[in-house]
There are 4 protein chains.
Amino acid sequence: MSTKTSTGRQSGTGRRAELLALAARLFAERGFVLTTVRDIAEAAGILSGSLYHHFDSKESMADEILRGFLDELFGTYAEIVAAELGPRKTLEAVVVASFESIHAHPAEVAIYQNEAKHLAQLERFAYLDERNREFRDLWNAILAEGVRTGAFRADLDIELVYRFIRDTVWVAVRWYNPDGPLSAHDVAEQYLGILLDGIATRRRPVRKG
Amino acid sequence: MSTKTSTGRQSGTGRRAELLALAARLFAERGFVLTTVRDIAEAAGILSGSLYHHFDSKESMADEILRGFLDELFGTYAEIVAAELGPRKTLEAVVVASFESIHAHPAEVAIYQNEAKHLAQLERFAYLDERNREFRDLWNAILAEGVRTGAFRADLDIELVYRFIRDTVWVAVRWYNPDGPLSAHDVAEQYLGILLDGIATRRRPVRKG
Amino acid sequence: MSTKTSTGRQSGTGRRAELLALAARLFAERGFVLTTVRDIAEAAGILSGSLYHHFDSKESMADEILRGFLDELFGTYAEIVAAELGPRKTLEAVVVASFESIHAHPAEVAIYQNEAKHLAQLERFAYLDERNREFRDLWNAILAEGVRTGAFRADLDIELVYRFIRDTVWVAVRWYNPDGPLSAHDVAEQYLGILLDGIATRRRPVRKG
Amino acid sequence: MSTKTSTGRQSGTGRRAELLALAARLFAERGFVLTTVRDIAEAAGILSGSLYHHFDSKESMADEILRGFLDELFGTYAEIVAAELGPRKTLEAVVVASFESIHAHPAEVAIYQNEAKHLAQLERFAYLDERNREFRDLWNAILAEGVRTGAFRADLDIELVYRFIRDTVWVAVRWYNPDGPLSAHDVAEQYLGILLDGIATRRRPVRKG
DNA sequence: CATGAATGAGTATTCATTCAT
DNA sequence: AATGAATGAATACTCATTCAT
């Protein structure tokens with residue numbers, strides 16, 4: 001039992017952390033359901049039963065992976081909010097931080113993206129829905145504040161904008177390659193360019209106002 | 001055997017179509033792997049073995065669902081392109097058509113979104129990758145043309161913009177509710193507003209021009 | 001699902017009944033835990049997975065076996081009580097009925113004896129404790145009535161006597177052989193002889209009174 | 001290896017005895033099969049692997065427990081027989097000694113009762129069957145002698161009476177509570193009362209004489 | 001068209017036991 | 001004496017699929 005409890009957050013003690021990283025990669029690649037416990041064990045060079053010396057179930061591996069990742073991510077968000085940069089800079093910082101988290105933890109983000117809906121039905125993963133709510137609140141606050149201060153257009157459907165942003169940012173994990181030529185910053189910058197100013201040219205801005 | 005071949009495209013012959021629709025809904029809700037043949041059979045009020053009188057495998061059900069949906073969707077895209085509306089109008093039409101397909105075939109889109117990566121590894125689903133290429137070419141053409149004609153900003157990374165658009169549009173299937181207050185057109189309009197002009201206000205439009 | 005529901009009591013429909021009888025015999029011989037699902041399947045000449053076409057778990061087999069047996073047994077007890085034979089005759093009838101049930105359903109009695117304590121911890125087997133209480137009430141009523149009418153000795157610790165009788169009767173399943181020379185009636189008669197009059201000779205009954 | 005041999009009988013050397021006592025309690029409560037080596041280790045506050053420093057297997061723990069208990073019990077029986085008290089007093093003494101052993105070693109008796117049948121199939125537990133035979137011989141001798149001397153009724157089926165007594169006495173371990181209000185002597189006395197004189201009142205003792 | 005019985009390969013998990021440290 | 005990591009064999013159960021009726 002003692003070995004099976006996650007020791008705070010430091011990603012566990014040696015072997016445990018290695019195994020979690022392996023599991024995370026496989027869950028991300030093949031999906032949680034299609035990744036067998038044997039797959040993970042084999043990747044680690046041990047027998048499937050031996051995994052249970054470290055974790056009490058496949059589920060608890062996913063739990064530990066997601067919990068740790070989300071704690072870190074939302075810690076970062078909290079820091080950004082605490083800095084009180086104003087809506088536009090806050091929005092930029094949150095987008096950048098999100099793409100950076102895709103860069104640093106692609107497997108974890110992929111699991112969060114692909115398995116959350118399914119896992120959230122289990123009691124033990126109730127925090128997934130909580131985090132979703134938290135994220136939604138964060139964005140609604142940023143956007144509402146921006147509209148109030150005049151930084152963002154007044155005609156926005158905030159809820160809809162939030163959804164578009166959330167989806168575009170996180171789904172990027174499907175194609176973003178941490179080892180590719182584009183850094184997380186590059187991608188964030190491009191996206192912010194589009195999000196803030198659109199892709200259309202401004203020939204006759206007078207016309208629209 | 002004769003009955004097990006999809007009879008062209010007319011959505012199958014009665015019972016067959018019913019069963020496919022049921023399967024599609026379940027695949028969309030629970031995912032392809034987590035939906036058991038028994039789930040589908042039970043939903044249809046028959047025993048699981050009886051399904052094999054209509055289809056020769058679970059895979060071939062997904063195949064038929066996706067093939068039919070994609071044929072229809074790309075037919076629509078082809079019509080739009082054939083109309084030669086110019087880059088901006090074409091872009092708008094493609095976005096609208098995509099949201100409309102989410103509205104009309106939410107289950108099919110969801111399956112396409114969630115299972116394509118996994119299914120595409122099977123030979124029989126090779127057309128999924130082809131369709132993806134087709135879609136990518138479509139968008140690259142629209143965007144490149146738009147940049148050339150000056151409709152779109154010249155500093156865009158076209159490949160990246162394509163990805164952002166693709167992701168945002170299709171992932172909307174996760175939250176879009178066909179029975180909700182927002183029509184596909186409403187959503188498309190809002191999205192196009194953001195995509196084309198951005199969410200930021202234009203304090204100094206002079207600067208950009 | 002439809003096939004997995006016990007159809008009242010008639011011991012199921014054909015195959016189902018056969019399998020239950022096999023399972024009962026094995027549970028009785030080796031114990032519930034040591035009897036593997038494969039053991040049962042092999043005894044039936046099928047593969048272990050095929051058992052799940054008929055029952056949804058090993059537990060539910062034991063459940064069905066015990067439930068059916070106890071329903072029958074307590075039905076018999078109820079009839080005896082309803083006949084209002086007076087304490088002594090009632091006691092005799094209950095003892096005889098019990099030995100007869102050992103004769104007719106040795107496997108079921110053995111399972112009841114050996115596994116009840118363990119199974120009763122599971123919610124689904126809550127009725128086991130209920131039946132135990134019912135049985136205890138039955139005996140306490142018989143004995144108390146007998147003491148009141150003077151049929152039984154007044155110095156008896158009724159609770160203790162009940163336990164002795166219960167244990168002796170049921171544990172007989174461990175050695176009673178339905179195919180042996182002693183019928184259930186023979187055994188019941190011998191036991192009743194001892195229970196009612198003792199094994200000691202009555203040289204000087206005056207002395208005791 | 002040297003430490004893994006039971007050191008005569010003195011209940012082991014400290015730690016060893018403690019562990020055996022723990023194991024005995026768990027075996028009695030949950031049964032031998034359902035008690036895991038980890039259960040025992042955890043109860044002792046060590047890891048399961050560490051138990052193998054003391055014992056070479058789970059089986060050998062049960063072996064040591066039963067062997068020690070039976071040696072002591074049959075020692076007591078031998079003393080009683082050696083005292084040559086006559087059939088009735090001998091019977092009383094054996095019954096009392098048996099209930100006393102339930103009082104002093106409830107866990108051991110429970111294991112003997114519940115696991116003997118299963119364990120006796122293993123070579124190393126061959127002595128269980130021997131002890132059973134010994135016990136049967138003891139009782140048959142007492143009862144036969146009693147019938148011969150006229151102490152017991154002549155119409156008894158000795159083998160049957162032996163079984164009834166054996167069962168009733170040992171199965172009492174299932175409900176007897178060493179810390180309850182009834183002492184082993186109380187229970188023995190009540191049981192002997194029933195066994196010797198029956199529970200029925202003597203309306204016409206003349207008839208029997 | 002559908003049933004009901006079965007297959008066979010796989011899946012997570014358990015557990016007694018071993019052994020280097 | 002004890003730990004911690006691992007083995008290997010077994011266990012209950014699942015599920016897509018087949019096929020005689």
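Any value given below was found using the heavy atoms of this structure, including those in side chains, with hydrogens, waters and symmetry copies removed. As the structure is a computational prediction, the values presented were derived from the model and not from experiment. Protein chains get the first letters and strands the later ones, always in sequence-line order, with residue 1 at the start of each.
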Exercise for review: Hey, which sits more toward the 5' end of DNA chain F by its nearest nucleotide, Leu51(D) or Val37(C)?
Suggested key: Leu51(D)
Check your understanding: For dA1(F), does OP1 or OP2 lie under 4.0 Å from any side-chain N or O of Ser50(D)?
Key -> no
Study note, to complete from the structure: Between Ser57(C) and Ser60(C) the two heavy atoms that sit nearest each other are O-OG, 2.9 Å
Check your understanding: Whole Å only: how far is the CG atom of Leu19(B) from the C1' atom of dC1(E)?
Key -> 11 Å
**Study point:** NZ/NE/NH1/NH2 to OD/OE distance under 4.0 Å, Lys58(D) and Asp63(D)
**Key:** no
**Study point:** Touch class at under 4.0 angstrom, heavy-atom based, for Ile46(C) against every strand present
**Key:** sugar-phosphate
Review point. For DNA chain F, whose closest nucleotide is more 5', that of Ser57(B) or that of Ser57(C)?
Key: Ser57(C)
Practice item. Would you tell me if any nitrogen or oxygen in the side chain of Tyr52(C) comes within less than 4.0 Å of OP1 or OP2 on dT14(F)? Key: no
Practice item. Look only at the side chain of Asn114(A) and the backbone of Ala110(A), and say whether a donor-acceptor pair between them is shorter than 3.5 Å. Key: yes
Revision key, fill the gap. Ranking Glu59(D) and Thr36(A) by the position along DNA chain E of their nearest nucleotide, the one closer to 5' is Thr36(A)
Check your understanding: If we call it a pair only when both distances are under 3.5 Å in a Watson-Crick or G-U wobble match, what pairs with dA12(F)?
Key -> dT11(E)
Practice item. Determine, stepwise, if the pair Leu66(B) / Ile111(B) fulfils side-chain contact (heavy atoms from CB on, under 4.5 Å). Key: CA-CA 8 Å; Leu66(B) 283 173; Ile111(B) 299 170; 4.0 Å; yes
Review point. Phosphate oxygens OP1/OP2 of dA2(E): is one of them under 4.0 Å from a side-chain N or O of Arg15(B)?
Key: yes
Revision key, fill the gap. As its Watson-Crick or G-U partner within any shown strand, both distances under 3.5 Å, dA1(F) has none
Check your understanding: Which whole-number value in Å describes the distance from Met61(A) CE to dT13(E) C1'?
Key -> 11 Å
Revision key, fill the gap. Taking for Gly49(A) and for Gly49(C) the nucleotide of DNA chain E with the nearest heavy atom, the one nearer the 5' end belongs to Gly49(C)
Review point. Do any side-chain nitrogens or oxygens of Arg16(A) fall under 4.0 Å of OP1 or OP2 in dA5(F)?
Key: no
**Study point:** Nucleotide dA16(E), atom P - distance to CG of Leu47(A) in whole Å
**Key:** 18 Å
Revision key, fill the gap. Rounded to whole Å, NE2 of His54(A) lies from P of dG4(F) at a distance of 11 Å
**Study point:** Given dT11(E), dA6(F), dA12(F), the nucleotide with the shortest approach to the side chain of Arg38(A)
**Key:** dT11(E)
Review point. In whole angstrom, what separates Leu34(A)'s CG from dT14(F)'s C1'?
Key: 14 Å
Study note, to complete from the structure: One should read off an interatomic distance between Arg131(C) CZ and Asp129(C) CG, to the nearest 0.5 angstrom, of 12.5 Å
Exercise for review: Verify the contact: side-chain N or O of His53(C) to OP1 or OP2 of dC15(F), cut-off strictly under 4.0 Å; return yes or no.
Suggested key: no
Point to revise | Nearest-angstrom distance from the residue atom CG of Asp56(B) to C1' of dC1(E) | key: 16 Å
Review point. Roughly, in whole Å, what's the span from CG in Leu26(A) to P in dT11(E)?
Key: 13 Å
Point to revise | Touch class at under 4.0 angstrom, heavy-atom based, for Thr35(D) against every strand present | key: sugar-phosphate
Review point. Taking atom P of dA9(F) as reference, at what distance in whole Å does atom NZ of Lys58(D) sit?
Key: 19 Å
Exercise for review: Could you go through the side-chain contact (heavy atoms from CB on, under 4.5 Å) check for Leu51(D) and Ile40(D) one step at a time?
Suggested key: CA-CA 8 Å; Leu51(D) 265 185; Ile40(D) 304 171; 3.8 Å; yes
